[in-house]
Protein chains: 2
Amino acid sequence: MKLVQIYQCLCDETRLRLLNLLLEGPLCVCHLQAALVEPQVKISKHLGYLKTRGLVRSRRQGNWIIYALPPERERSAELKANLACLQDCAAEQTGFKRDLARLRKLDLACAPVAAAGGKGKACCD
Amino acid sequence: MKLVQIYQCLCDETRLRLLNLLLEGPLCVCHLQAALVEPQVKISKHLGYLKTRGLVRSRRQGNWIIYALPPERERSAELKANLACLQDCAAEQTGFKRDLARLRKLDLACAPVAAAGGKGKACCD
DNA sequence: AAACTACATTCCGATTCAGGAATACAGCAC
DNA sequence: GTGCTGTATTCCTGAATCGGAATGTAGTTT
């Protein structure tokens, strides 16, 4: 992946907010949507954009789709550097912090379930 | 300047190459153009793009226009972080390295002259 | 089976952007 | 002044977004 393609993924506010949340770990679309307080189609399209370009992965978990950044060992040096940079910068800006705060208030069942490869009713019940 | 605006400036290959060169110091358009081997209008328009968004400054020096990044003390934390990140990443990619190599082969009269606030016939003579 | 949930895709309009050709402009040389 | 050099701007076209409304789809529940 070329450097400029990374920046193209980062040059939209919604995508920045999504990636900032995904830096915390895998998340299903409904949580991303709830944390960002944006319409479903908007979230879905930007996730699609990121996915085509390889910045995120997704897998189905029952009714839910879990999105995640690629595993660390598969991240190029440039990607690692830029994700770290983004995380640092976002950590100091209110908008991004608010997203994280909202995320933490949600019932985060889906993330642990996803991590455990689990069963359960999962996610948003 | 918002974080996303920084990324918008970085999401074009030509602009990345320009910024990578400007990280070395102030440069006149003709040197940028020569180092990148791109048409004048292309260089000029991308410099204009960066300038309107505050990522570069310009000042006239006789016949030449010298572009430079804003002085360090005026760079926001996010800008510093991202410029550093860019420089690191670019330092390892052939395309960017080749630009720098071409730049160093040029007669760099204009940069010292600019730094000295100088007279002289300057730049590309 | 039908109904529901979570998400994706298609279709649309509006905007932005990239690149090139031609032209304009500002300052220097004469 | 004229002409030249270095750079910017205007005009155009094609392509790439972005966003929303409506619709489609996969999997679950009953």
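Reminder, nothing fancy here: chain letters follow the sequence lines and each chain counts from 1. As a basis for the values below, the full set of heavy atoms in this structure was taken, side chains included, without hydrogen atoms, waters or symmetry mates.
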- Message: Test your reading of the model: is there a side-chain donor-acceptor pair from B:Glu74 to the backbone of B:Pro71, 3.5 Å cut-off?
- Response: no
- Check whether any side-chain N or O of B:Arg17 sits under 3.5 Å from a backbone N or O of B:Asp99 as a donor-acceptor pair, and report yes or no. no
- Message: Whether the side chain of A:Gln40 and the base of C:dA8 hold a donor-acceptor pair under 3.5 Å is what I'd like checked.
- Response: yes
- Side chain B:Lys42 and base C:dG20 donor-acceptor under 3.5 Å: no
- Take A:Ser44 and B:Tyr49, find for each the nucleotide of DNA chain C with the closest heavy atom, and name the residue whose nucleotide sits nearer the 5' end. A:Ser44
- Which sits closer to the 5' end of DNA chain C, A:Ile65 or A:Lys45, going by the nucleotide each is nearest to? A:Ile65
- Query: Does B:Leu50 reach the side chain of B:Tyr67, with side-chain heavy atoms less than 4.5 Å apart?
  - Reply: no
Tell me: [atom1] of [X] to [atom2] of [N], nearest whole Å?
X	N	atom1	atom2	result
B:Asn63	D:dA8	CG	C1'	13 Å
A:Ile43	D:dG19	CD1	C1'	12 Å
B:Arg15	C:dC17	CZ	C1'	8 Å
A:Leu47	C:dA6	CG	P	16 Å
A:Leu36	D:dC18	CG	C1'	16 Å
B:Gln5	C:dC17	CD	P	11 Å
A:Lys51	C:dT9	NZ	C1'	13 Å

- Item | Atom of A:His46, atom of A:Arg15 and distance for their closest heavy-atom approach | ND1-NH1, 3.1 Å
Can you tell me if the side-chain N/O atoms of [X] get under 4.0 Å from OP1 or OP2 in [N]?
X	N	answer
B:His46	C:dG19	yes
A:Arg60	C:dA8	no
B:Tyr67	D:dA8	yes

- Message: Applying a strict under-4.5 Å side-chain criterion to I, L, V, M, F, W and Y, I'd like to know whether A:Tyr49 and A:Val41 cluster together.
- Response: no
- Have a look at B:Val41 and say if it touches a base, only the backbone sugar-phosphate, or nothing, with a 4.0 Å heavy-atom cut-off. base
